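See below for the structure under consideration.
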Amino acid sequence: MTLMQGLVLRCVGNNCLVRLNDGSLCEATVKGNLRLKGIRSTNPVAVGDSVSIKKQDTIYYITSILPRRNYIIRRAANLSKESHILAANIDVVLLFVTLQSPETSFTFVDRFLSTAEAYDVPVVLLFNKMDLYDEAQLFRLKEWEDIYAPLGYPILKISALEKRGLDELYDYIRGKIVLLSGHSGVGKSSLINALLPNMNLRTQEVSVAHGTGMHTTTLSEMHPLDEAKGGGYLIDSPGIKGFGTLEMNKYNTADYFREFFIIGQGCRFNNCTHTNEPGCAVLQALKEGRIAESRYISYLGILGDEDEGKYRLD
Ligand code: GDP
Ligand code: ZN
């Protein structure tokens, strides 16, 4: 029996493709006792997990999951309490923003950023489809930059289609576990194709490791980046709106809006909700234009959802 550690690249059913610490790939089965801890014996292992592996004879087993730095879950569509962990240990998120086809809203971005803030996941705002934008749209792009650059969010401008801006992008993703997020149609698959021109090679590598029968639908998968450029992994998990299971309320939401948190230190009441309290530093900053109106609208939107009890961050 040999004990090892590895990184989970892909899961289908109870089988996972794992890159072992020596760099080799293996297909490992999730141990029964570990499955019981999952919901209704579904596979509790997610891509991005660091796992302990036991090799018995010729078979590899996943025996434990190392503690996660963060994770994203998808709640089952039937509104039951069941959920599934899609990916873990994300180092950075590329949040795609497009100004047309489709148009991304401030609200969507702010909600995403606030959950990432709650879980300490760095986010890069990735403006894609730069080749499409006319002067009016470039002007709007400047508005986005004026809001988010001072908050410390890196802003990158690329064209996945024309493969522009990719060298600079590499500086943010090299050697990391990278989650691609954003609306459908913003160019996530196009970026994967642009960054991984050897898709066939990669597919071949995977199928050799797995043998046959690996054509079932995967929930999410890590695509290895070019080792020669420093490696790393891309995860494309469509439809992700945020991290973890944290619930925001009217007293903690502002903690996850960076500028509200800092400016809010100056409010008269330390449980200020920044809505109608006297001596509110956030409202004052809003009036003076030091807080963007769109950010405040997003903030109120989250508080409003909270009031109606419908806002959940998963
Ligand atoms: P996904 O749903 O986020 O994976 O988006 P896709 O990668 O499938 O892209 C959706 C559509 O946008 C496709 O028709 C792409 O060709 C197009 N697209 C993606 N990136 C760009 C880009 O940089 N410029 C332009 N003009 N079109 C793009
Ligand atoms: Zn306040």
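Note that these values count all heavy atoms, side chains included, but never hydrogens, waters or copies made by symmetry. Sequential numbering from 1 along the given sequence is applied to the chain's residues. Order of listing sets the numbers, starting from 1, for every ligand and every atom in it. None of the values given here were measured: they were computed from a predicted structure.
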Check your understanding: atom 26 (N) of ligand 1: which protein heavy atom is closest, and how many Å away?
Key -> Asp131 OD2, 2.8 Å
Review point. Roughly how far, to the nearest 0.5 Å, is CD1 of Ile158 from CZ of Phe96?
Key: 5.5 Å
Review point. So, is the end of the Arg140 side chain (NZ or CZ) under 6.0 Å from the ring centre of Tyr133 and within 45° of the ring's axis?
Key: no
Review point. Do ligand 1 and Ser159 have nitrogen or oxygen atoms that lie under 3.5 Å from each other?
Key: yes
Check your understanding: Quick one: angle His274 ND1 - the Zn ion (ligand 2) - Cys267 SG, to the nearest 10°?
Key -> 100°
Practice item. Kindly state each residue pair satisfying salt bridge (charged side-chain N to carboxylate O under 4.0 Å, His left out) with at least one member in residues 262-286, sequence neighbours excluded. Key: none
Review point. For ligand 1, which atoms sit closer than 4.0 Å to a heavy atom of Ser190?
Key: 6 (P), 7 (O), 9 (O), 15 (C), 19 (C), 20 (N)
Practice item. Could you pull out, from Leu180, Asn128, Leu132, Leu161, the option with a heavy atom nearest to atom 16 (O) of ligand 1? Key: Leu161
Check your understanding: Around atom CG of Asp146, are there more than 12 heavy atoms of other residues, nucleotides or ligands at under 6.0 Å?
Key -> yes
Exercise for review: Distance to 0.1 Å, residue and atom name: give those for the protein heavy atom nearest to atom 5 (O) of ligand 1.
Suggested key: Gly187 N, 3.0 Å
Revision key, fill the gap. Residue, atom and distance of the protein heavy atom nearest atom 2 (O) of ligand 1 read Gly185 N, 2.7 Å
Check your understanding: How are the rings of Phe257 and Tyr299 set relative to one another: parallel (under 30°), tilted (30 to 60°) or perpendicular (over 60°)?
Key -> perpendicular
Practice item. Return the residue, atom name and 0.1 Å-rounded distance of the protein heavy atom closest to atom 4 (O) of ligand 1. Key: Ser189 OG, 2.5 Å
Exercise for review: Return the minimal non-hydrogen interatomic distance between Tyr233 and Pro224, and the atom names on each side.
Suggested key: CD2-CA, 3.7 Å
Practice item. Take the Zn ion (ligand 2) as the vertex and measure to SG of Cys272 and SG of Cys280; round to 10°. Key: 110°
**Study point:** atom 18 (N) of ligand 1 [closest protein heavy-atom partner, distance rounded to 0.1 Å]
**Key:** Lys129 CE, 3.7 Å
Review point. Got a donor-acceptor contact below 3.5 angstrom from the Arg174 side chain to the Lys229 backbone?
Key: yes
